[in-house]
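Below, read A as the first sequence line, B as the second, and so on, with proteins coming before strands; counting in each chain starts at 1.
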Amino acid sequence: MPEGPELHLASLFVNRVCKGVVFTGDVEKSEVSKCPEVPFACEAYHISAKSRGKEVMLTLTPIKCEGAAGRAKAGLVQPMNVVFRFGMSGYFRFTPAEELPKHAHLRFYTNEKPRRALSFVDARRFGSWQPNGTWQPDRGPCTMSEYQSFRDNVLSHLSDRAFDKPICETLLNQKYFNGIGNYLRAEILHRLDIPPFVNARSVLERLQSKELSELDNKSASEKREVKSEGPDLLSLCHTVPLEVVQLGKVYDPEKADYSYFKGWVQCYSVDGMKSVRDHNGRTIWFKGDPGPLAPKDSKSPKGKKRIKKEGGDYTENKKLPKKKQARVTKKDVKQEKRVKKEKETQDEMRPKRGRQRKQEVVQTQTGTRTLRRRVTRRSARDS
DNA sequence: CGTCCACGTCTAC
DNA sequence: TAGACCTGGACGG
């Protein structure tokens with residue numbers, strides 16, 4: 001579900017299904033949710049929504065009924081904004097109240113005869129909401145709906161250390177790229193053939209000079225020339241998410257049909273593309289050269305082996321004492337297993353991690369595509 | 001059955 | 001810069 005386009009589609013969905021619908025009573029929170037109660041109770045109210053980057057704001061608006069009594073009642077209740085972040089699995093659904101979806105953690109009920117409910121559904125509960133909420137202050141302008149200020153915000157802060165990193169990691173920084181997530185960063189970089197692990201500033205500085213030249217050149221023809229240079233990294237942060245919004249004309253979580261997405265995606269999780277973990281442990285998908293800032297260790301068993309061969313056990317010794325014997329954390333367990341797997345497979349050729357490698361072997365042997373989990377171009381053509 | 005992986009933040013050594 | 005926070009689907013044994 002949830003990168004900028006999904007959040008925006010969610011706001012369109014809410015506005016579509018809630019148009020003209022009257023809600024009533026308490027806003028209900030699931031027992032298990034740790035998010036705050038929403039202290040809004042109103043006999044009659046409307047719900048509308050808007051999105052900004054990776055947030056959705058619902059506005060609960062009391063309805064002014066006819067007559068002095070009704071007006072007075074509505075006047076007692078102020079409109080309330082509730083700001084949602086979707087985590088990894090959040091979305092909205094609108095169902096009969098008797099058929100709440102599993103993991104419906106916040107519910108708004110209609111005043112209809114068989115009641116219906118607008119639910120915020122979130123299986124993993126990484127999502128959150130904030131009653132009387134505002135857009136999170138540290139998040140930058142939306143790449144989709146506030147393109148010019150998004151662009152200005154990036155280009156006027158290139159000295160920020162946020163741009164010291166590989167471009168693929170900076171693209172996940174919501175202070176500058178509000179709405180970009182893991183699949184969008186891969187798709188955007190792929191469109192321009194930008195290696196994911198090149199320094200962000202070096203990529204973006206080129207756009208700044210272009211921007212300046214655009215200011216200097218006052219003639220329309222010269223501006224047109226600049227524009228005819230085609231899309232750049234920042235303009236794609238605008239247009240690529242909008243492509244996804246266009247795809248999702250009918251946002252219907254019932255269907256759970258993502259064939260449209262499979263047909264659209266060119267790089268993320270696509271068969272034949274490469275992937276590595278970035279410095280934050282997130283998988284970046286790309287084609288060709290990873291770029292100079294790619295993590296050298298721990299990703300590629302081959303790389304690790306080479307270091308060992310060339311540098312003796314220097315790097316090994318450097319790493320081992322880092323391990324703490326006292327506490328065994330989740331991460332330790334994971335790391336142990338990863339290392340074990342790397343040892344098992346370190347003589348193989350492919351620089352990918354165990355599971356993926358095995359998957360690919362199966363694929364080449366059988367000549368069939370990976371099922372469901374990974375997106376393939378072939379499946380796109382099939383469907 | 002167990003392991004790995006997932007469209008994202010948060011906050012605490 | 002790790003963990004922590006969670007559930008569930010795919011895959012492997």
Side-chain angles (χ1 to χ4, degrees), chain A residues 1-10 30 32-35 53-56 83-91 101-105 121-130 136 138-139 161 164-165 169 171-175 177-188 240-241 244-245 247-248 253 256 258 260-262 264-265 267-270 275-285 295 297-298 322-324 326-338 340-342 344 352-363 366 368-375:
Chain A
M1 293 254 72
E3 297 185 22
E6 288 74 22
L7 282 271
H8 185 63
L9 288 166
S30 74
V32 68
S33 170
K34 293 170 184 166
C35 285
K54 271 186 242 181
E55 296 182 305
V56 166
V83 172
F84 291 79
R85 263 152 273 139
F86 281 15
M88 296 284 267
S89 55
Y91 61 94
K102 204 177 176 186
H103 307 299
H105 294 303
V121 184
D122 183 12
R124 296 182 71 183
R125 274 182 273 148
F126 292 173
S128 62
W129 61 81
Q130 188 185 4
Q136 207 169 238
D138 286 343
R139 307 187 78 102
R161 287 174 51 179
D164 291 348
K165 298 160 176 266
E169 292 171 19
L171 281 173
L172 292 185
N173 185 336
Q174 302 298 298
K175 186 173 175 181
F177 296 90
N178 190 5
I180 303 302
N182 206 22
Y183 78 72
L184 284 171
R185 69 170 177 172
E187 294 303 306
I188 290 164
V240 172
V244 180
V245 171
L247 283 179
Y258 292 99
Y260 69 92
F261 184 84
K262 292 179 185 175
W264 171 82
V265 73
C267 179
Y268 177 78
S269 200
V270 168
S275 68
V276 302
R277 299 289 187 104
D278 69 16
H279 296 285
N280 299 311
R282 303 272 254 138
T283 302
I284 175 70
W285 292 82
D297 58 337
S298 91
K322 227 175 144 188
K323 235 184 192 170
K324 288 175 184 169
R327 278 179 49 203
V328 179
T329 64
K330 255 189 197 171
K331 188 87 183 225
D332 286 335
V333 174
K334 258 193 179 174
Q335 187 60 30
E336 294 250 342
K337 278 166 190 166
R338 200 170 292 147
K340 215 188 266 176
K341 256 197 178 160
E342 282 167 4
E344 286 166 5
K352 290 197 173 182
R353 286 171 300 112
R355 175 167 283 249
Q356 281 169 2
R357 192 184 302 113
K358 275 177 190 167
Q359 230 173 15
E360 279 180 358
V361 169
V362 170
Q363 280 168 17
T366 62
T368 58
R369 65 174 183 269
T370 312
L371 299 175
R372 280 178 198 89
R373 195 70 203 241
R374 292 182 55 191
V375 181

Looking only at the side chain of Arg277(A) (C-beta and beyond, no hydrogens), which of the listed nucleotides dG8(C), dC7(B), dC5(B) gets closest? dC5(B)

Could you tell me whether the phosphate oxygens of dG8(C), OP1 or OP2, come under 4.0 Å of any side-chain nitrogen or oxygen in Ser89(A)? no

What residues, two or more places apart in sequence or in another chain, satisfy side chain to side chain contact (heavy atoms under 4.5 Å, CB included) together with Asn182(A)? Glu3(A), Arg185(A), Tyr268(A), Arg282(A)

Met88(A) side chain, from C-beta outward: closest of dT7(C), dA6(B), dT9(B): dA6(B)

Can you figure out which of dC10(B), dT9(B), dC7(B) approaches the side chain of Gln174(A) most closely? dT9(B)

Separation of dG8(B) P from Tyr91(A) OH (nearest whole Å): 17 Å

Can you list everything that forms a side chain to side chain contact (heavy atoms under 4.5 Å, CB included) with Ser128(A)? Sequence neighbours excluded, please. Cys35(A), Arg85(A)

Output the single nucleotide from dC7(B), dC5(C), dG8(C) whose closest atom is nearest the side chain of Phe126(A). dC5(C)

Using a 4.0 Å heavy-atom cut-off across all strands, classify Arg139(A) as base, sugar-phosphate, or nothing. sugar-phosphate

Between C1' on dT7(C) and CG on Asp122(A), what's the gap in Å once rounded to a whole number? 10 Å

For a stem of at least 3 consecutive Watson-Crick or G-U pairs with distances under 3.5 Å, i pairing with j, i+1 with j-1 and so on, which stems involve DNA chain B? B:1-6 with C:7-12, B:8-12 with C:1-5

When the distance from CG of Asp278(A) to P of dA2(C) is rounded to whole Å, what number comes out? 10 Å

Expressed as a whole number of Å, how far does the P atom of dG13(C) sit from that of dC5(B)? 15 Å

Between Asn182(A) (CG) and dC5(B) (C1'), how many Å, whole number? 12 Å

Nearest to side-chain heavy atoms of Arg124(A), which nucleotide of dC7(B), dG8(C), dT7(C): dT7(C)

With rounding to whole Å, what would you report as the distance between dC5(C) and dC13(B) at their P atoms? 12 Å

Roughly, in whole Å, what's the span from CG in Leu172(A) to P in dC7(B)? 9 Å

Using atom types as modelled and distance alone, determine if a side-chain donor or acceptor of Ser89(A) lies under 3.5 Å from a backbone N or O of Arg124(A). yes

Send over the distance from Trp285(A) CH2 to dC7(B) C1', rounded to a whole Å. 14 Å

Return no unless some side-chain N or O of Arg282(A) is found under 4.0 Å from OP1 or OP2 of dC7(B). yes

Sequence neighbours left out, what passes side chain to side chain donor-acceptor pair (under 3.5 Å) with Gln174(A)? Give chain and number order. Arg139(A)

Figure out the CD/P separation between Glu3(A) and dA6(B), and round it to whole Å. 13 Å

His103(A): what forms a side chain to side chain contact (heavy atoms under 4.5 Å, CB included) with it, not counting sequence neighbours? His105(A), Val121(A), Ala123(A)

Can you name the side chain to side chain donor-acceptor pair (under 3.5 Å) partners of Asp164(A), sequence neighbours left out? Arg201(A)

Could you tell me if the side chain of Pro2(A) sits less than 4.5 Å from the side chain of Lys54(A), heavy atoms only? no

Nearest to the side chain of Arg125(A), which nucleotide is it out of dC7(B), dT9(B), dT7(C)? dT7(C)

Taking atom P in both dT9(B) and dG9(C), compute the distance separating them and give it to the nearest angstrom. 23 Å

